[in-house]
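Report on the structure given below.
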Amino acid sequence: MELGLVGLGKMGGNMRERIRRAGHTVIGYDRNADVADVHSLEELVGKLSGPRVVWVMVPAGEATQSTIDRLAELLEPGDVVVDGGNSRWTDDERHAEELAAKGIGFVDCGVSGGVWGLENGYALMYGGDAEHVAKVQPVFDALKPEGDFGSVHAGKVGAGHFAKMVHNGIEYAMMQAYAEGWELLEKVDSVENVREVFRSWQEGTVIRSWLLDLAVNALDEDEHLDALRGYAQDSGEGRWTVEAAIDNAVPLPAITASLFARFASRQEDSPQMKMIAALRNQFGGHAVEKK
């Protein structure tokens, strides 16, 4: 089949290659002319045969909104837009409604796989009407990992990005657990080879995972992570997961704590701990450290 792909960055560029390897035609557009197949959205739409499928793989928010707005003007009834970025599920509902008014279908798709997806395949979680999903199915089949798993029609519009959001929330908590365990192992004198302890966990343990494999890769490159600063950004999905938990009265203590730990990583000197130190000094005479 033919696919228009908007956004050819680290993920989009590799996705284009994997879909092409499966025998499909991909026409890609990116603001970076060096990687683009065409030089405008108009040219991209013009080169596709109807009914068209255009996959949007750009940053969530304004970039996605403006791209979908422009595609709404260019596409025709019966065409389908796929949002494969990390959009919030509530945005999906609005996009689907706006496009439906013009007879254009919409599918949201959470994509996981990162830079390894080209060779290993991408885990896909998508939402939308069955008739719209069916038009994109050959592309989903090309992108997913080999085997029976790695791809799911999660439900109606918004379900794909909601599922991916929860996936990323779980990912936050898993990474935090590995990080805390690593720090404790590094702290004690009796454990002399923390990297090999992590490596030993890769086989036969209940905590083995791809994230553990990646942790070992990182420790092989820099055994004590001396070259890194202890600062971690968050891309948004963790916050949305916690907000959704509040809205639905679902307790998520591990995921919430892992998100807050990232916030703490950005503080050179914790204002909260200043107050804790002051209070301990006030009620117990505990020593404080002056700047």
Side-chain angles (χ1 to χ4, degrees), residues 1-30 35-38 44-45 47-49 51-60 63-64 67-68 71 75 79-87 89 92 95-96 105-168 170-171 210-211 213-214 235 237:
M1 66 170 287
E2 293 181 345
L3 177 74
L5 181 58
V6 183
L8 302 170
K10 292 179 181 179
M11 288 277 283
N14 282 345
M15 289 167 63
R16 173 176 63 177
E17 178 60 23
R18 186 172 175 87
I19 297 166
R20 284 177 173 172
R21 289 180 184 180
H24 302 294
T25 298
V26 183
I27 300 171
Y29 167 70
D30 193 277
V35 299
D37 302 313
V38 294
L44 180 146
V45 171
K47 286 183 175 291
L48 295 171
S49 304
R52 305 172 185 85
V53 176
V54 179
W55 187 302
V56 179
M57 203 70 189
V58 301
T64 294
T67 301
I68 291 178
L71 289 172
L75 295 175
D79 295 342
V80 174
V81 172
V82 183
D83 179 6
N86 282 327
S87 295
W89 80 97
D92 297 327
H95 294 152
F106 178 81
V107 174
D108 63 287
C109 183
V111 181
S112 182
V115 296
W116 301 83
L118 174 58
E119 299 301 329
N120 296 342
Y122 298 88
L124 306 172
M125 296 142 272
Y126 38 92
D129 293 345
E131 63 175 303
H132 301 145
V133 168
K135 293 180 180 179
V136 192
Q137 194 64 54
V139 175
F140 292 147
D141 293 340
L143 287 172
K144 69 179 289 294
E146 294 184 10
D148 296 332
F149 306 109
S151 178
V152 60
H153 184 182
K156 56 188 178 182
V157 165
H161 280 144
F162 195 94
K164 176 58 163 49
M165 176 195 74
V166 174
H167 163 282
N168 283 22
I170 294 170
E171 176 188 298
W210 187 39
L211 281 175
D213 296 341
L214 295 177
S235 55
E237 293 92 340

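Start at 1 with the first residue, then count along the sequence.
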Aromatic plane relationship, Phe140 with Tyr126 - under 30° parallel, 30 to 60° tilted, over 60° perpendicular: parallel
For [X] against [Y], the heavy-atom pair lying closest together:
X: Glu2; Y: Ser49; answer: OE1-N, 2.8 Å
X: Trp55; Y: Val139; answer: CZ3-CG1, 3.8 Å
X: Ala60; Y: Asn86; answer: CB-O, 3.5 Å
X: Pro145; Y: Ala123; answer: CD-N, 4.3 Å
X: Phe106; Y: His132; answer: N-ND1, 3.9 Å
X: Lys144; Y: Gly150; answer: CB-O, 4.3 Å

Side chain to side chain contact (heavy atoms under 4.5 Å, CB included) assessment of His95 paired with Thr64: CA-CA 10 Å; His95 294 152; Thr64 294; 4.1 Å; yes
Flag the pair [X] / [Y] as yes when at least one side-chain heavy-atom distance between them is below 4.5 Å, and no otherwise.
X: Val54; Y: Asp79; value: no
X: Lys164; Y: Val111; value: no
X: Val26; Y: Met15; value: no
X: Tyr29; Y: Thr67; value: no
X: His161; Y: Asp83; value: yes
X: Leu3; Y: His24; value: no

Ala134: side-chain contact (heavy atoms from CB on, under 4.5 Å) partners, not counting sequence neighbours: none
Counting N and O atoms only, with roles assigned by atom type, does the side chain of [X] sit under 3.5 Å from a partner on the main chain of [Y], one being a donor and the other an acceptor?
X: Asp108; Y: Val157; answer: no
X: Asn168; Y: Glu237; answer: no
X: Arg52; Y: Leu75; answer: no

Salt-bridge contact Lys135-Glu131 (side-chain N to carboxylate O under 4.0 Å): no
Ion pair check, Lys47 and Asp37, cut-off under 4.0 Å: no
Asn120: side chain to side chain donor-acceptor pair (under 3.5 Å) partners, not counting sequence neighbours: none
Donor-acceptor pair between Asn14 and Lys10 side chains, under 3.5 angstrom: no
